[in-house]
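Only one structure is covered here, and it is reproduced in the block below.
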Amino acid sequence: MRRALIGAAVLLVAAVSTAAMVRAEAATPTLNALAAAKGKYFGSATDNGELSDTAYTAILGGGEFGQTTPGNSMKWDATEPNRNSFSYTRGDAIVTFAQQHNMKVRGHTLVWHSQLPGWVGSLPTTEVQAAMENHITQVATHYRGKVFAWDVVNEPFNDDGTFRTSPFYNAMGSAYIADALRTARAADPDAKLYINDYNTDGLGAKSDAMFNLVKSLQSQGVPIDGVGFQGHLAIQYGFPSQMQQNLQRFADLGLDVAITELDVRMVLPRDATKDATQATYYNNVVKACAAVTRCVGITIWDYTDKYSWVPNTFSGQGAALPWDENLQKKPTAYNAIVTGLGGVVDSPSPSVSPSASRSASASASPSASPSASRSASASASASSSPPPAGGCTATYKIVNQWDTGFQGEVNVTAPAGRTSWTVTWSFANGQTITQLWGGTYTQSGASVTVKNETWNGTPPATFGFLANWSGTNAIPTARCS
Ligand code: G2I
């Protein structure tokens, strides 16, 4: 059902004229769709508490992200809080959400020095190996078929490239890494097995240490499929040195690489200059992954500042993610990711001709469900751009639609010189906006009014929104003044 409805929406968009279509397709795909066009995913970490925030989950599961990583709930303290007593409730909840929203899951993480329950640190060294192997076997077996990759070992290195001490290193030396990978392979032969670390994004002592470790593991026949580069960046520390070349040297070992925990923090408060620098960092990371064939995907470490780990760890820092704490997209950071993935921003809106509307309703019928056909044809018949009113034009379209919700986008155009705009429309079928970005809005009954933000008063401008619908989702005539 959901696929059919999305299909109808796609057919509707596909009805625009060919020339306009190139621009429209470039302007509207989600981050994951842009990544998928390059054979990669774009994902976001999440956590259990956040799943009860419906405005948050509407975006998380709304199509921008094709992958998720549980930020905490598959870690040792969550899954085996007491020895040989396993709890999968929280991890399972995230897997279920992901499955319901067509998102792949990276498992994070089996062996890490942090977020270990106290009992692990209290074990006599003679018991650590058995406890580690049991933990990996149990957890990886439980999630077999549900995660496509595991961060088997997380953060094995100090920043100077020496091995970090941990209960595992202290008991087994660096051999714990090979043992963990072999144990994970036995428990889940299908998952891609990764080592994951931070400050390895660019060339340097720590990434050299990772490179040498991986080569050594490969020479011993240890199963290792990928290396994760966390990508926790900060604009005040500069961009990692030659990131693309660094990713490529690992890929050249025959490994997958992935950007696993990307965020770009700054010293607060935000300002336009810092936002612009941050956008450059996002763009550079995304372009580095895009340029490396074996870079399989990018995960941001949650998508909104509302749930970022940064302010809790780095006092006075934050604003690290592409959505702000009000779940509004930051145009600078978001657009930098779009362009890094090969997308186009700020393109003119397409207009839909009457003949295109007819073909939309005709082509929607054979493959779509009855309700989808109804909504597509109703939408298409009302989707022509209205004549310019008050010197500006608004074109409303549905870019994604599922059982109870949809994502809309309105493009505003105007002759040069205009510095503000107001778009109004009236919903015919009881639709209700739940959030809107790129403008400020009010909805009173069926009537919606959207005004520009301070930064996008001069068209061309685009705003987007999420809304609820049921039964029919006709496209209203949007007017601009
Ligand atoms: O620290 C950022 C990341 C670095 N790489 C490994 C990741 O696993 C790590 O994630 C963060 C989570 O995003 C945080 O949410 O790991 C932190 C712990 O090392 C997580 O923070 C913890 C808090 O410290 C706890 O107080 C809290 O109970 O999250 C817990 C659950 O909300």
Side-chain angles (χ1 to χ4, degrees), residues 41 43-52 57 60-61 65-101 103-120 131-156 166-168 176-177 180-181 183-198 225-228 230 232 258-263 296-297 299-303 307-309:
Y41 58 81
S44 169
T46 192
D47 212 343
N48 296 78
E50 304 160 24
L51 296 183
S52 56
T57 54
L60 182 69
F65 308 110
Q67 178 273 334
T68 192
T69 305
N72 285 298
S73 44
M74 291 184 184
K75 292 173 177 174
W76 198 313
D77 61 353
T79 51
E80 194 186 2
N82 298 297
R83 191 170 187 182
N84 213 23
S85 170
F86 290 86
S87 169
Y88 300 114
T89 316
R90 290 166 58 203
D92 288 356
I94 290 175
V95 168
T96 299
F97 182 91
Q99 289 172 341
Q100 288 168 343
H101 296 87
M103 300 163 87
K104 312 200 297 182
V105 181
R106 291 192 87 253
H108 175 80
T109 173
L110 293 169
V111 180
W112 188 28
H113 67 276
S114 182
Q115 281 171 291
L116 281 175
W119 66 265
V120 178
M132 183 189 82
E133 291 176 357
N134 184 49
H135 180 79
I136 294 169
T137 301
Q138 296 295 327
V139 177
T141 299
H142 178 83
Y143 286 112
R144 186 173 176 186
K146 295 176 178 161
V147 302
F148 74 95
W150 266 114
D151 289 330
V152 177
V153 175
N154 196 40
E155 302 174 1
S166 67
F168 316 106
Y176 85 91
I177 297 171
L181 288 160
T183 307
R185 175 66 97 231
D188 184 350
D190 302 319
K192 299 281 189 186
L193 306 182
Y194 279 69
I195 305 175
N196 188 49
D197 214 328
Y198 64 88
D225 301 307
V227 174
Q230 294 185 5
H232 290 298
I259 311 301
T260 53
E261 305 182 14
L262 178 61
D263 50 23
V296 298
T299 309
I300 49 178
W301 205 239
D302 226 312
Y303 71 83
Y307 297 121
S308 173
W309 68 290

Practice problem: State whether Tyr194 and Arg106 meet the cation-pi test: NZ (Lys) or CZ (Arg) under 6.0 Å from the six-membered ring centroid, and within 45° of the perpendicular axis. | Solution: yes
Quiz item: How close do Ala98 and Val105 get, heavy atom to heavy atom, and via which atoms?
Solution: CB-CG2, 3.5 Å
Quiz item: Of Asp302, Asp47, Asn72, Asp263, which meets side-chain hydrogen bond (donor to acceptor under 3.5 Å, both in side chains) against Trp309?
Solution: Asp263
Quiz item: Given side chains that start at C-beta, do those of Asn134 and Phe86 come closer than 4.5 Å, heavy atoms only?
Solution: yes
Quiz prompt | Exercise: identify the closest heavy-atom pair between Ser73 and Ala78 | solution = O-CB, 3.6 Å
Quiz item: Can Val111 and Met132 be said to form a side chain to side chain contact (heavy atoms under 4.5 Å, CB included), step by step?
Solution: CA-CA 8 Å; Val111 180; Met132 183 189 82; 3.9 Å; yes
Quiz item: If you look at every heavy atom in Trp119 and Glu80, which pair is closest and at what distance?
Solution: NE1-O, 3.1 Å
Practice problem: State, to 0.1 Å, how close Ala93 and Leu51 come at their nearest heavy-atom pair, and which atoms those are. | Solution: O-CD1, 4.2 Å
Self-check item: Pro117 versus Pro81, closest heavy-atom pair with distance
Solution: CB-O, 3.5 Å
Exercise. Could you give me the CA-CA distance, side-chain angles and deciding distance for Arg185 and Asp225, then say whether salt bridge (charged side-chain N to carboxylate O under 4.0 Å, His left out) is met?
Key: CA-CA 10 Å; Arg185 175 66 97 231; Asp225 301 307; 3.2 Å; yes
Quiz item: Relative to each other, are the rings of His108 and Trp301 parallel, tilted or perpendicular (30° and 60° limits)?
Solution: perpendicular
Quiz item: Are Met74 and Val147 side-chain neighbours, meaning at least one heavy-atom pair lies under 4.5 Å?
Solution: yes
Quiz prompt | Heavy-atom pair of closest approach, residues Phe65 and Leu60 | solution = CD1-O, 3.6 Å
Quiz item: Going through the distances and angles, do Asn48 and Ile94 end up as a side chain to side chain contact (heavy atoms under 4.5 Å, CB included)?
Solution: CA-CA 7 Å; Asn48 296 78; Ile94 290 175; 3.5 Å; yes
Exercise. Please determine, by modelled atom types, if Asp151 and Gln230 share a side-chain donor-acceptor pair under 3.5 angstrom.
Key: no
Quiz item: Among Asn196, Thr69, Thr299, which residue meets the side-chain hydrogen bond (donor to acceptor under 3.5 Å, both in side chains) test with Glu261?
Solution: Asn196
Quiz item: Among all residues two or more places apart in sequence or in another chain, which pass the ring-ring contact (aromatic ring centres under 6.0 Å, His included) test with His142?
Solution: Tyr88
